[in-house]
Protein chains: 2
Amino acid sequence: MVTIKDVAKISGVSPSTVSRVIANNPRISEETKKKVRKAMKELGYHPNVNARNLVAKSTKAVGVIMPSSTNTALQNPFFPEILRGIGSVIHDAQYSMYLSTGETEEEIFKEVQRLVYGSYVSGVILLYSRINDKVTDFLREQDFPFIIVGKPYDYETEISHVDNDNFKAGKEITNHLINMGHSRIGFIGGSRDLFVTRDRENGYLAALDEAGIEHREEYKIHTEFLKSGGREAVEHLMSLDTLPTGLVVSDDLISLGILSMLEEYGIRVPQDISLVSFNNVYLSEITRPALTTVDIQIYELGAQSAKALIEKTQNKNEPTKRIIIPYKIVYRDSVSKC
Amino acid sequence: MVTIKDVAKISGVSPSTVSRVIANNPRISEETKKKVRKAMKELGYHPNVNARNLVAKSTKAVGVIMPSSTNTALQNPFFPEILRGIGSVIHDAQYSMYLSTGETEEEIFKEVQRLVYGSYVSGVILLYSRINDKVTDFLREQDFPFIIVGKPYDYETEISHVDNDNFKAGKEITNHLINMGHSRIGFIGGSRDLFVTRDRENGYLAALDEAGIEHREEYKIHTEFLKSGGREAVEHLMSLDTLPTGLVVSDDLISLGILSMLEEYGIRVPQDISLVSFNNVYLSEITRPALTTVDIQIYELGAQSAKALIEKTQNKNEPTKRIIIPYKIVYRDSVSKC
DNA sequence: CTGTTAGCGCTTTCAG
DNA sequence: CTGAAAGCGCTAACAG
């Protein structure tokens, strides 16, 4: 391995000068800079990040924590897309990204502890938000820089997060259904433990309220995220005496399953039932029918969270931020007039 | 930050003893071990990974390189799934995982150089395999431990890789179609730059040959991966005077698009056309019809590549390995007799 | 079984 | 504008 000393020797200066050249210290003459850089190139010198981190007592690296992966929920294209967004900003800032996956909550917790205590990273991005989350509590207690993608369960004003206005989006997309003449509208969501589900559902309810439409408990279904492809949800629906004519589904991937089940029952979308959902992942444009869905700008969620986190790692006094990424409804073919 | 010295002081031993306790060196008495561990717990001590890596001149970390992300191909659920597989092994081995995403090939190349030269990682997993890939060449020249998921373009016997037998899988799944009475069988694949496409296609061709079915150039379509949801592919198909009755599609996600387009043209699957594909990602069971597809065991691909890489980082003389993950055809509803 | 010492590669005062 | 020296936290001979 070629070190700073080798470069120093070759270019006839001291190691400290080389170090300054690396940092592009203005107090070094252009001449020596040139000389040193030439030597670096010749030798193929690259600074050793561990040595550097050791003295800097900090790491230009962030940890990205995926939700626990016991189920297939991780197969959601949401994740690669948000990683892309994070990666882009990370890369521009010359940071690196540690990815942490884990089967169980406990495993994840241990892993985060390791990342934090071992000085692996100088900040953490949580790709989920759950109630009573040990990881969140730990990070807060440690006063360690972190960002939640989504809405924190507690201490909302103390934890920086980047989120969509899921309430408003839920309301708006439900209103779209209402405006199209629907009044019997159902909601199918993933686990209520996830805040995003709640927010979208609450938006849905608010839209009904405003329109003077009564809630029907039997129209609200929570299916385990991705489990059984929405089979239970649709079976439940079928057991009802009057079917809804519109469906608000909290995730494109769930919609895909619902669409499939609905067809099995001979129910056509959008002729018999209209359906709207959330996320606008790639596949939502290639389903039949193509989905009218809320584009939540996943890439941007990732990019902004990385940006905010990096700022925070660079300045501990950075204030707590809430960053709301605007959404946009994408109108396609899954809705018709009622 | 609490260091090894603090622990030493509290427990009344020297730093090196503490170090030995951490490494669970057998030459330390159980008594002192207990004493030291107690102090570590009290103080909340955790070893600093940078200091450790610095002296060890190695890093228990691997870099995972995603393909360039100019298109939406990354939204393929393949990726989160393979990351899960890698993560699991990484975690058990107490390693960490650096994730590298990049827009362009050049960006990725720079990033890999950084990871390697800067001693960020001690091995690399490439989640793609492309012809004339600078990254592969670089890693080879550096004699840096790395694994390709897929088949290397060149130096196949020198580069460890984990792959499926895509040729055989392609042949077998095509045979399934043939056994069901089909003889006009088309192939729709992603970019031919990707080896996986070629292998699957060659398997398809071999099956035709064996069955004495002539190739038809117009039945082989290469659509840019995911682009336009297979629209061009299906349009091309429609322009033909005689349609195929069976379709081998190289990726579940492409199948989804094809399914959708076919429906648009009023062609029913499997009644009018049978369709088989590859990967068996979650969504392939919730499409309509559910897909008959090759389960390539994505998770296992990830896990085995991580395992092989870790072995290689721990023993430079580990021989070059080719690891073939068995596949399994999952029969569902997208095929019917012809 | 344990302590002393040197040093990993780099940055950063402090001198000059 | 540049060099010498100290030290980041840890490990690994080498002594004892």
Side-chain angles (χ1 to χ4, degrees), chain A residues 1-40 43-61 94 96 114-122, chain B residues 1-40 43-61 94 114-122 314:
Chain A
M1 164 163 252
V2 27
T3 78
I4 213 170
K5 284 187 192 164
D6 302 317
V7 178
K9 203 164 292 172
I10 293 284
S11 45
V13 298
S14 76
S16 38
T17 301
V18 177
S19 175
R20 287 191 261 256
V21 172
I22 295 168
N24 201 18
N25 187 316
R27 302 190 324 195
I28 301 289
S29 75
E30 277 308 319
E31 204 179 348
T32 37
K33 274 186 185 172
K34 209 163 283 172
K35 200 169 51 183
V36 170
R37 286 202 245 265
K38 182 158 158 283
M40 296 200 305
L43 295 176
Y45 169 79
H46 291 261
N48 179 308
V49 71
N50 292 303
R52 183 176 270 192
N53 288 342
L54 181 56
V55 18
K57 284 172 169 318
S58 96
T59 310
K60 289 175 79 167
Q94 310 245 52
S96 327
R114 202 174 68 105
L115 290 185
V116 169
Y117 284 137
S119 301
Y120 284 82
V121 297
S122 49
Chain B
M1 164 162 251
V2 27
T3 78
I4 213 170
K5 285 186 189 165
D6 302 317
V7 178
K9 202 164 293 172
I10 292 283
S11 44
V13 299
S14 78
S16 41
T17 301
V18 177
S19 175
R20 288 185 186 110
V21 172
I22 295 168
N24 200 18
N25 188 315
R27 303 190 325 192
I28 301 288
S29 75
E30 277 309 319
E31 203 179 351
T32 36
K33 274 187 185 171
K34 209 164 281 173
K35 198 170 53 183
V36 170
R37 285 203 246 264
K38 181 158 157 283
M40 296 201 303
L43 295 175
Y45 168 79
H46 289 261
N48 179 307
V49 72
N50 292 302
R52 183 178 269 190
N53 288 343
L54 181 56
V55 21
K57 283 171 170 318
S58 95
T59 309
K60 288 175 79 165
Q94 310 246 51
R114 203 174 68 106
L115 290 185
V116 171
Y117 284 137
S119 300
Y120 285 82
V121 298
S122 49
Q314 288 172 345

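Letters A, B, ... mirror the listed sequences (proteins, then strands); counts begin at 1.
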What nitrogen or oxygen pairs link the protein and nucleotides 13-16 of chain D at under 3.5 Å?
{"from": "D:dA13", "atom 1": "N6", "to": "B:R20", "atom 2": "NH2", "distance (Å)": "2.8"}

Handout entry: Nearest heavy atoms of A:V7 and A:M40, plus distance in Å
Key = CG1-CG, 3.6 Å

Fill in the blank from the handout: Residue set satisfying side chain to side chain donor-acceptor pair (under 3.5 Å) with A:K34, at least two apart, ordered chain then number -> none

Exercise for the section: Using atom CE of B:M40 as one end and atom C1' of D:dC10 as the other, report the distance to the nearest whole Å. Expected result: 14 Å

Distances under 3.5 Å between nitrogen or oxygen atoms of protein and nucleotides 8-10 of chain C:
{"from": "C:dC8", "atom 1": "O3'", "to": "B:K57", "atom 2": "NZ", "distance (Å)": "2.8"}
{"from": "C:dG9", "atom 1": "OP1", "to": "B:K57", "atom 2": "NZ", "distance (Å)": "2.5"}
{"from": "C:dG9", "atom 1": "N2", "to": "A:A51", "atom 2": "O", "distance (Å)": "3.4"}
{"from": "C:dC10", "atom 1": "OP1", "to": "A:Y45", "atom 2": "OH", "distance (Å)": "2.5"}
{"from": "C:dC10", "atom 1": "OP1", "to": "A:N48", "atom 2": "N", "distance (Å)": "3.0"}
{"from": "C:dC10", "atom 1": "OP2", "to": "A:I4", "atom 2": "N", "distance (Å)": "2.4"}

Exercise for the section: Kindly write out the residues that satisfy side chain to side chain contact (heavy atoms under 4.5 Å, CB included) with A:R52, not counting sequence neighbours, or none if the list is empty. Expected result: A:I22, A:P47

Fill in the blank from the handout: Per-helix bend value, the helix from C:dC1-D:dG16 to C:dG16-D:dC1, C1' rotation axes over five pairs per end, 10° rounding, shows 40°

Exercise for the section: Looking at every strand, decide which applies to A:V13 at a 4.0 Å heavy-atom threshold: base, sugar-phosphate, or nothing. Expected result: sugar-phosphate

Fill in the blank from the handout: Across all chains, not counting sequence neighbours, the side chain to side chain donor-acceptor pair (under 3.5 Å) partners of B:T32 are B:S29

Exercise for the section: Under 4.0 Å from any atom of DNA chain D, heavy atoms only: list the residues of residues 28-36 of chain B that qualify, in numerical order. Expected result: none

Completion exercise
In short, B:D6 meets B:M1 closest at the heavy-atom pair OD2-O, 3.9 Å

Completion exercise
When every non-hydrogen atom of B:N50 is compared with those of A:L54, the smallest separation belongs to CB-N, 4.2 Å

Fill in the blank from the handout: A:K35 meets the side chain to side chain donor-acceptor pair (under 3.5 Å) criterion, sequence neighbours left out, with none

Problem - Heavy-atom pair with the smallest gap, counting every atom of A:T3 and A:Y45 - result: C-CE1, 3.6 Å

Exercise for the section: For A:S11, enumerate each residue passing the side chain to side chain donor-acceptor pair (under 3.5 Å) test, keeping only those at least two apart in sequence or located in another chain. Expected result: none

Problem - Sequence-distant partners of B:S19, side chain to side chain contact (heavy atoms under 4.5 Å, CB included), two or more places apart - result: B:I4

Exercise for the section: Using the test side chain to side chain contact (heavy atoms under 4.5 Å, CB included), find all partners of A:V49 that sit at least two apart in sequence or belong to another chain. Expected result: A:N53, B:Y120

Handout entry: Atom-pair distance (CG on A:N25; P on C:dT13), nearest Å
Key = 12 Å

Practice task
Output all residues satisfying salt bridge (Lys or Arg N to Asp or Glu O under 4.0 Å) with B:R114, sequence neighbours left out; order by chain, then residue number.
Solution key: B:E111

Problem - Heavy-atom pair of closest approach, residues A:I10 and A:A39 - result: CG2-CB, 3.8 Å

